[in-house]
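Single-structure report; data block below.
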Protein chains: 2
Amino acid sequence: MTTDDASPGPLGRYMDVLELVAAFPGALTLGDVSSMLALPKTTAHRLLKGLVKAGLAREAVGGRAYDLGERLTRLVHATVDDDWLATLSGPHLRQIIEDWGETCYLTRLAGGRIVVAVSQSPDVRWRGYVQPGIEMPVNAAASAKAIMAYQDDATLAQALAQPLPIVTANTRNDLAWVESELQTVRERGYATCIGEIDEGLAAIAVPVTLPDGMVLHALAMTGPLQRIMNERLPERIDALVATSAVLSKALALGAKIRERGTA
Amino acid sequence: MTTDDASPGPLGRYMDVLELVAAFPGALTLGDVSSMLALPKTTAHRLLKGLVKAGLAREAVGGRAYDLGERLTRLVHATVDDDWLATLSGPHLRQIIEDWGETCYLTRLAGGRIVVAVSQSPDVRWRGYVQPGIEMPVNAAASAKAIMAYQDDATLAQALAQPLPIVTANTRNDLAWVESELQTVRERGYATCIGEIDEGLAAIAVPVTLPDGMVLHALAMTGPLQRIMNERLPERIDALVATSAVLSKALALGAKIRERGTA
DNA sequence: AATGCAATTCCGAATTTCGGAACAAAAATG
DNA sequence: CATTTTTGTTCCGAAATTCGGAATTGCATT
């Protein structure tokens, strides 16, 4: 039994400091950390230096402040967000934004979870921005449904074995419902998320079927419910499907080139 | 003397493990770590769990392996968002939880209404969790009273002009009573909510007085009535007051740094 | 120079980590 | 299905580290 041990653990305070550095990159001094976290200057100093030595933070150019370390970005890069994927799909995503003015993103199956790989938003300040790297719940997100609908039983079972979160009043997490939802996706070719993650926000997604028939990615568009699900929905779906087909070839090629490179 | 101190620092071994996890995401077991780094199983176990607790790693879906945690990617992609309020107050709220084991949250005055800005719960049982963004009724919530007690007449009049909801048998919405309640807050320095929002649930709250004397935030603790209002109430208040003082400085500082940030 | 503020070093007390050994839980095997 | 083997977890005393107050150094500004 996993105890309800809520203790922050040995890294807790390091993480607090790191969060702070991430929140004010390049502008946070030792004194600031000390004040904000109510730590003695000595302690703040030690924690900060520890982070620097670990490569998670580094001293900013001016010298009197800190920002995130090289190692941190490298670690993330190593797995989640393959650069070439972003490079490849970026132009296509941007085209959709150009045409439709909505946030859109590409998700991918990684280790039994669905994570956002590339994301583009029409306006930088729009709060519906989808952060690359975050995980999408299998029972709610359109992009997750679009991928999961085309997995074999083993993969699906594994994904559904984890606890499925309830996020809004519209979220469902009973297996029967999820299965039927996936069946619907298979029948009509696209997935939806209607206020199941954010009240008032909707998303639509189509699978990206690779040339060999596998589905490892989904292409999604999100925005306010009324706007996304209006009478132009069929057009939107068509646009996503068309782009998905292009991406399919591009991704397959990219993977092949990449393999050849590292071999 | 650019101390080329090559000592790995306190985080060194944690980082070694993290690198390994990043190299084989979703496929690295405890035993692997132990073997590869030549660490005793016990030590590998402790390090791994420490990373998990810090959110840098997590157990993979299958359960018998580890991969990178979401917090990592979130840190890297932390745009200059406005969740610096959460970043700043998070550790302090968590400290209260650690000490008292009750849900606590920070509310804020926004457009004449009181809304929940940051919320932390002792564990992930969803009951008792306070959703950020929801509004707190001025005539019932402790956190709302704590803020409203220190507003000028115009702001107060505006807030009391809206319809004041009756939610439980204990809710009062006559203006005279609300005024007297606010007077009480001013006299003793804290506000209460005794079953006025949920039958059997109570909350206590103190204002966060910014260095310039303004009150825009309140710090609150909530839980079962019997537990919150028991003989240790004075201690709880003291804890909230102390944290409130710290938050006051931290919030002011945060605003200042943010200004200087991208300049 | 002189002053004020931020960053750093020093160091004893206190807490934590450390890892061997025992224990529990799964897989693998017969 | 019983047994063995492997893998993950808990316990606990010894050892090492962190902790943070006080004093010191470094760096701007006047």
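Chain identifiers are assigned alphabetically (A, B, ...) following the order of the sequence lines, protein sequences preceding nucleic acid strands; residue numbering begins at 1 within each chain.
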note: B:His45, atom NE2; C:dA21, atom P; distance rounded to Å ~ 19 Å

Set of residues satisfying salt bridge (charged side-chain N to carboxylate O under 4.0 Å, His left out) with respect to A:Glu181, sequence neighbours excluded: A:Lys145

Nucleotide N/O of nucleotides 22-30 of chain D paired with protein N/O under 3.5 Å:
| unit_1 | atom_1 | unit_2 | atom_2 | d |
| --- | --- | --- | --- | --- |
| D:dA22 | N6 | A:Thr42 | OG1 | 3.3 |

Given C:dT16, is OP1 or OP2 found less than 4.0 Å from the side-chain N or O atoms of A:Arg13? no

Could you state the atom-to-atom distance from OH of B:Tyr14 to C1' of C:dT16 in whole Å? 10 Å

Taking B:Thr243 for its side chain and B:Leu240 for its backbone only, find out whether a donor-acceptor pair lies under 3.5 Å. no

Quickly work out the A:Lys53 NZ to D:dT18 C1' distance and round it to whole Å. 14 Å

In whole Å, I'd like the distance from the CG atom of B:Leu47 to the C1' atom of C:dG19. 11 Å

Heavy-atom nearest nucleotide on DNA chain C for B:Pro40 versus A:Leu30: which residue maps closer to 5'? A:Leu30

Just by distance, no angles: are the side chains of B:Asp152 and B:Thr155 close enough, under 3.5 Å, to form a donor-acceptor pair? yes

Using atom CD of A:Glu59 as one end and atom C1' of C:dA7 as the other, report the distance to the nearest whole Å. 10 Å

Rounded to whole Å, CG of B:Leu37 lies from C1' of C:dG19 at a distance of 15 Å

So with a 6.0 Å cut-off around CZ of B:Arg236, is the heavy-atom count from everything else above 12? yes

Do B:Leu56 and B:Leu68 have side chains that get closer than 4.5 Å, going by heavy atoms? no

Decide if atom CG of A:Asp153 counts as having more than 12 heavy atoms of other residues, nucleotides or ligands within a radius under 6.0 Å. no

Given C:dA7, is OP1 or OP2 found less than 4.0 Å from the side-chain N or O atoms of A:Lys49? no

What's the CG-C1' distance between B:Leu39 and C:dG20, to the nearest Å? 14 Å

Between D:dT10 (P) and B:Leu48 (CG): distance, integer Å: 13 Å

Is there a donor-acceptor contact under 3.5 Å from the side chain of B:Ser248 to the main chain of B:Thr209? yes

